[in-house]
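Step one of this worksheet: look at the structure below.
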Amino acid sequence: LSDGWRELAAPVVDVEPPLDLWARVLQREAQLAPARPPSRFPRRGLAIALAAVACIAVIGLLALAAHSRSSAPAPANANPDAPILGPGTNGWVAVDGYRNDQIYLVRPGEKARPLEVAGSAGATATCPSWSPDGTKLLFGRVAGASQTGGDQVPRLDQGLRAAEGAGDAQSAGDAELVIVPVSLDGTTGAAKVIALHGFETGYTAPCGMWSPDGRWIALAGPAAVWVVDTQTEAIRRVPGLPGDLEWRPGTDDLAIASTMAMEPVTIYSTVTGKLSRLGEVKAAHITWSPDGKTLAYTGGEADARGLWLVDADGSNKRLLVSDMGSANHGIGPVWSPAGDRIAYQRLTQGEEHEVVLVNVADGTQRTIAPLVATSKQFRVDRSENFHWYPWAVWWAPDGTTLLYAAWNDGILGASAEVTALIAVPADRPHHATILIDGGNGGHQWPIQLWGRQPE
Amino acid sequence: VEAVYRSHGGVVWRAVLMMAAGDRGVADEATAEAFARLLAYRDGVRDPVAWVFRTAFGVAAKELGRASRIAHGILPDEAVGDEAELPSELTEALRELSPEQRAAVFLHYIADLSVREIARLSGSTAATVRVRLHRARRSLKVSMTEGLGVDVV
């Protein structure tokens with residue numbers, strides 16, 4: 001925005017909140033306090049009695065658990081109806097943004113475990129992505145940029161005073177890609193680190209996407225697509241304003257949709273090093289069919305709400321869904337590994353979200369109702385239930401289960417973090433499993449959080 | 001919590017003030033409510049700054065008439081009333097934006113935060129924030145170059 005606008009908006013920096021605002025905070029907090037559970041038992045006798053009952057219950061539960069273990073192997077997931085990350089996967093989901101700006105490995109029924117990689121302490125690690133063969137984990141790392149994590153909070157007031165003259169891009173530290181072997185039990189091997197000199201991390205995180213054969217990694221920068229050869233560590237920069245990237249299955253071709261669909265979709269060939277247009281297709285979000293023959297896209301300025309299909313050579317454009325709703329979402333449509341369905345996330349009233357499954361054969365749609373989050377899950381002292389709303393959605397490798405990056409509307413009363421990664425069976429969504437709470441739903445591309453089974 | 005209030009309370013309040021197009025009553029109420037809830041529920045909150053921003057935005061959105069008005073980017077007339085805190089030229093321009101766009105514009109262009117940081121604070125995605133900023137720039141360009149004679153690029 002111009003200096004003229006900044007001048008016009010300057011008064012908002014000069015106005016001050018009322019002097020008694022903190023007193024109002026304390027007053028309001030006092031009204032909320034009775035809703036919290038009492039911190040002490042009112043009478044010592046009652047406390048002793050309840051403690052005795054609790055001890056008996058715990059002993060009983062332990063005995064029951066011991067009996068269960070002796071008669072059958074413990075399930076990986078406490079919920080027998082919930083998906084087990086077994087068939088077609090390496091057993092792990094990798095997440096970032098959980099705590100301390102590090103990568104964590106997650107599986108149902110177990111605590112999240114930090115990915116142990118040398119050099120990550122004090123840096124921000126983000127965008128984990130499993131290699132196509134499920135044996136290596138890629139993530140982006142920015143040295144000296146972890147001011148947003150842990151107890152260190154950004155100094156917004158400093159930013160206020162330094163607003164004049166600030167640009168869009170800010171260099172927040174040296175970016176690099178890290179590739180680390182991960183065994184089935186979650187232990188890590190020696191990491192390969194590839195420096196990304198000149199990558200502007202203030203605008204976008206280094207989110208790499210593996211090519212289908214695992215040789216190349218593509219990531220979007222503010223003014224170019226970076227294509228990294230993992231064998232030679234050579235880096236190519238393809239000029240443009242990337243908005244969405246998608247490797248074409250079975251090839252080393254990368255489809256590039258420009259920011260806000262300003263330019264037609266282009267195809268970058270790692271073999272020839274050349275760019276070609278995919279006809280006149282303009283799109284903000286793209287996804288390939290698993291056979292690589294068809295591209296689904298949406299978000300073009302002429303038709304922002306339609307979901308279209310086009311052949312890989314740019315011909316045979318056809319409309320699949322006329323109105324996907326508001327497209328202000330994270331990663332756009334994602335084609336199922338089985339090829340029969342496309343999932344997408346859309347805004348509903350306000351800032352709520354839902355997932356829709358489209359049958360590719362006939363365009364029919366099925367909405368997955370918001371998942372109910374019980375108050376018990378969030379330790380809130382209220383009886384009503386809340387809902388999980390997906391920011392973004394991915395498919396599991398076997399195509400039966402969706403992975404939600406979700407938030408819930410209990411924020412106005414919940415005492416827990418309100419984001420989560422949730423495994424949702426596509427055809428039995430009420431059997432969802434919360435894998436972790438506190439995950440980061442902010443990814444822009446369908447990076448592979450869910451590891452495939454190694455061959 | 002008090003330390004978070006001292007370091008960030010003013011920014012939260014100003015962000016909500018922008019979101020409410022200058023309605024001081026909404027800014028006061030949403031900021032006080034957010035910090036009060038942070039005090040009440042602080043034990044389970046891992047990221048208090050992001051939590052308090054999101055809660056303040058949520059409370060403000062409800063105060064502003066919520067779902068349908070937000071979906072259409074319409075601010076109720078009473079929001080710019082006797083309690084309006086900002087110059088009329090600014091509030092007129094802000095009324096062309098949705099509440100989320102106003103908050104994003106403030107955090108990016110005035111508070112100088114990155115798109116990714118705004119996404120974290122507002123409980124949204126970087127892509128969504130970029131779209132909000134893009135559309136806000138487009139709306140401001142139209143409203144301010146035609147109506148106010150201010151050059152917005």
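Each chain gets a letter, A, B and so on, in the order the sequences are listed, and its residues count up from 1.
- Pro17(A) and Gly10(B) get closest at one heavy-atom pair: CG-CA, 4.3 Å.
- Classification of the Trp22(A)-Tyr5(B) ring pair by plane angle, with boundaries at 30° and 60°, yields tilted.
- Between Leu26(A) and Leu39(B) the shortest side-chain heavy-atom distance falls below 4.5 Å.
- Remark: Ala15(B) pairs with Phe53(B), Phe57(B), Phe106(B), Leu107(B) by the side-chain contact (heavy atoms from CB on, under 4.5 Å) rule, at least two apart or across chains.
- In this structure Pro18(A) satisfies the side-chain contact (heavy atoms from CB on, under 4.5 Å) test together with Asp20(A), Leu21(A), Arg24(A), Trp13(B), Arg24(B), Asp28(B), sequence neighbours excluded.
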